[in-house]
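Sending over a structure as structure tokens; questions will come in a sec.
Fair warning: this is a prediction, and the values are worked out from it, not measured in the lab. Proteins get letters first, then strands, A, B, ... in listed order; numbering begins at 1 in each.
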Number of protein chains: 2
Amino acid sequence: MDEAGQADRAEQGDRPLRVARIQDVAKLAEVSTATVSRALASPERVSPEARARVFEAIAKTGYVPNPAARTLRSQKTYMVLVVLPDLANTFFSRILRGIEETLFEAGYGMIIGDLDGSPEKEAHFSAFTGAGRVDGAILLNGHLFGQRRDGSGQAARLSIPLVALCEAIPGADIPQIEIDNREAARRMTEHLASLGHSRIAYLSGPPENVLERERFKGYQDGLEAAGIAFDPSLVIPGDFTIGSGVTAGQDLVARAKRPTAVFCTSDEMAIGLMRTLLSAGIRVPEDMSVAGFDDIEFAAVAEPALTTIHQPRRELGQAAASALIDLLQGRPSPRSIRLDTELVIRDSVAPLR
Amino acid sequence: MDEAGQADRAEQGDRPLRVARIQDVAKLAEVSTATVSRALASPERVSPEARARVFEAIAKTGYVPNPAARTLRSQKTYMVLVVLPDLANTFFSRILRGIEETLFEAGYGMIIGDLDGSPEKEAHFSAFTGAGRVDGAILLNGHLFGQRRDGSGQAARLSIPLVALCEAIPGADIPQIEIDNREAARRMTEHLASLGHSRIAYLSGPPENVLERERFKGYQDGLEAAGIAFDPSLVIPGDFTIGSGVTAGQDLVARAKRPTAVFCTSDEMAIGLMRTLLSAGIRVPEDMSVAGFDDIEFAAVAEPALTTIHQPRRELGQAAASALIDLLQGRPSPRSIRLDTELVIRDSVAPLR
DNA sequence: CACCCCCATGTAAACGATTACATAAACTTT
DNA sequence: AAAGTTTATGTAATCGTTTACATGGGGGTG
């Protein structure tokens, strides 16, 4: 105290009245604020002695740089927005973890934008990127936002680096991280066919969804490869949720001529479907085989354990985050990545009797 | 162009070279920046004419306030941090939605801090709150952070409003939003006892967890109320995950003298447990009843459908967010809230034969 | 009519960093 | 030893708002 002189807003007694600023550190270390800033941003550009004094002063004052000031000046937020269609969907949580991990290691924070099917929210998150609250964004929702519906000149805003994850965005010139949905669906369909099934139903996702469209193509590819004619009556509408699986099950139960196998384009639907079948006395896989897609945690402990397509969710998240970080740091980023899936054979699919 | 004079950084041709600043709006509307700022923050304090001109200018320029500058000056970020132990856990996703919804409506963004069991990350998120990157935080992890492990004077930082959700933080003087875990566990235990079960096992959560401790007390309360002696050998260690349910199942299968009912303190464990029992030929509920806790989406479609305790997850999230917003906006906030749970009876529990 | 008060607005000082530019010292190179 | 180069540091402008304070005009009141 007797040394600091008139440091009127510095610490007093014990606890700082106010958070320390770079000025306080500079004064204590007897250097300029520029040197403190440099000591933090690029230590090698500061002499060892000064650096030591600076770090000592930082420790003593408990200084933490003010992010707002930093952002204002440097135009960097060290924040990334992750936009996804449905936060309550199990499928995304592991992906989010993969993203978060990787961002975290690189010093970035993650802001979540849960669209929840509302276009109003979409506009909101679009504004987020436009206003410079984040340095970049990872889009899991299958399309770019920001293109105003009214088409007015409402400004195409400051554009920031974007990465598409899982749902490819056709025509967008950004890195796209995904799996080969078509190929995976083909593989599963062929797998079912190879076990003797020929009446293979397809429980779909929402028709406008990109994943759905790819998987549907794969289903058709698979039928074709197996020499099975496509039967539109075996395509059941769904939307990836447990509930739509339950509904689809009721549809099947009511049919006179049932398929012998059902390929569901999400595990959630498969689990909901099996539930309805079992309640109606239809045994899985004895009476009907059921296959899923995603390999969520519950797939392995479903009853019966679900045969499905494994997606490397954590790795997908990590890859997307890495690609974005590359972009943010001016490094060249891979245009597109396709991660491998795996056909996981469990108990819900059996050879045709 | 011929009107603006030397507006060298204003729009040119069609698209703005640079995002519009408050200055640009002020110039166009022929008012000062202060008026623009006021027109946005408190429209009633600006004359209708000026207001109209300002809004017109905002529309014309596509102006969006710079959040960093705003934060720097006003010390408000309009961001909230949500700290949770495990983002990949299904239980949290609906809660997050409730939180996000409510924050969104109030104009706040949500930053997720997934601890993932790492103390290193905890320190990181603590720094988040300390550095003023967020206005407040919702803690789902059951304890406050910021109290340095080394006990050094490392500064108790700027403290921001906090709310505890789900896991109460003993001794913390902040709003706590939770359910009555003890009461709910008691109710389930009594329910099992009322069906004739007296050998009721308890599949626990992690021993240090607050929820676990409360539920365990409730289990004991329930036994006592039913006049059943507590048997430590019926307490099986778990950690809320599917995997620990599977492991617990193996333990039970190996036992000579099995319980007739198992109360699992999470649905995930219950589902994992049932899986193992069924694989080993132990029927649920005929040979053993299984009860869960949480009522996650999969509980209703498990095979058999799971009898469990329903937690109003969305409402929990909403309540926590509301409490935090009250705090942030200087309104009095309820000290603590306990939301009601519900005993959901499905098929996994049956009377003792 | 003089006084006071209120209202709408403007002026300019923060907020707390980063960084372009300037400067001085130390080291190379010829 | 002079000139040029590199290195370490400091000075001060800048990022784009919000807001305390100042100002001037209009309307009430005594």
- request: Name all pairs fulfilling the ring pair (Phe, Tyr, Trp, His ring centres under 6.0 Å) condition that reach into residues 22-53 of chain B, sequence neighbours left out, sorted by first residue then second.
  value: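 Qualifying pairs, neighbours excluded: none.
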
- prompt: Given atom NZ of A:Lys27 and atom P of D:dT11, what is their separation to the nearest angstrom?
  reply: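 Value for this atom pair: 13 Å.
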
- prompt: Taking CG from A:Asp24 and P from C:dA17, how many angstroms apart are they, rounded to a whole number?
  reply: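 It works out to 8 Å between those atoms.
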
Closest contact, heavy atoms only, B:Ser322 versus B:Thr102: OG-CG2, 3.7 Å

Euclidean distance, atom CZ of residue A:Arg21 to atom C1' of C:dG16 [Å, nearest integer]: 8 Å

B:Lys76 NZ - D:dT18 P separation (whole Å): 12 Å

- prompt: OP1 or OP2 of C:dG16 sitting under 4.0 Å from any side-chain N/O of A:Tyr63?
  reply: no

message: Is any side-chain heavy atom of A:Met110 closer than 4.5 Å to one of B:Ile111?
response: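 No; the side chains remain at least 4.5 Å from each other.
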
query: Salt bridge or not for B:Asp24 and B:Arg21, using N-O below 4.0 Å?
result: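 Yes.
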
field: Side chains of A:Val36 and A:Val31 in contact at under 4.5 Å (non-hydrogen atoms)
entry: yes

- prompt: Atom CD of A:Gln23 to atom P of C:dC15: distance rounded to whole Å?
  reply: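 In whole Å, C:dC15 P lies 10 Å from A:Gln23 CD.
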
message: Can you give me the closest heavy-atom contact between A:Ile177 and A:Ala320, atom names plus distance?
response: CG1-CA, 3.7 Å

Side-chain donor/acceptor of A:Arg73 to base of C:dT18, under 3.5 Å: yes

- line: Here the distance between atom P of D:dT7 and atom CD of A:Glu49, to the nearest Å, is 16 Å

message: In this structure, how many angstroms lie between the P atom of C:dA17 and the CD atom of B:Gln75, rounded?
response: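 That distance rounds to 11 Å.
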
Atom-to-atom span, CG of A:Leu72 to C1' of D:dT18 - whole angstrom: 12 Å

- prompt: Which of residues 28-48 of chain A sit near DNA chain C, with a heavy atom under 4.0 Å from it?
  reply: A:Ala34, A:Ser37

query: Does a side-chain N-to-carboxylate-O contact under 4.0 Å join B:Lys60 and B:Glu56?
result: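 Yes, charged N to carboxylate O under 4.0 Å.
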
- request: With heavy atoms under 4.0 Å as the rule, sort A:Ala68 into base, sugar-phosphate or nothing.
  value: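 Touches nothing.
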
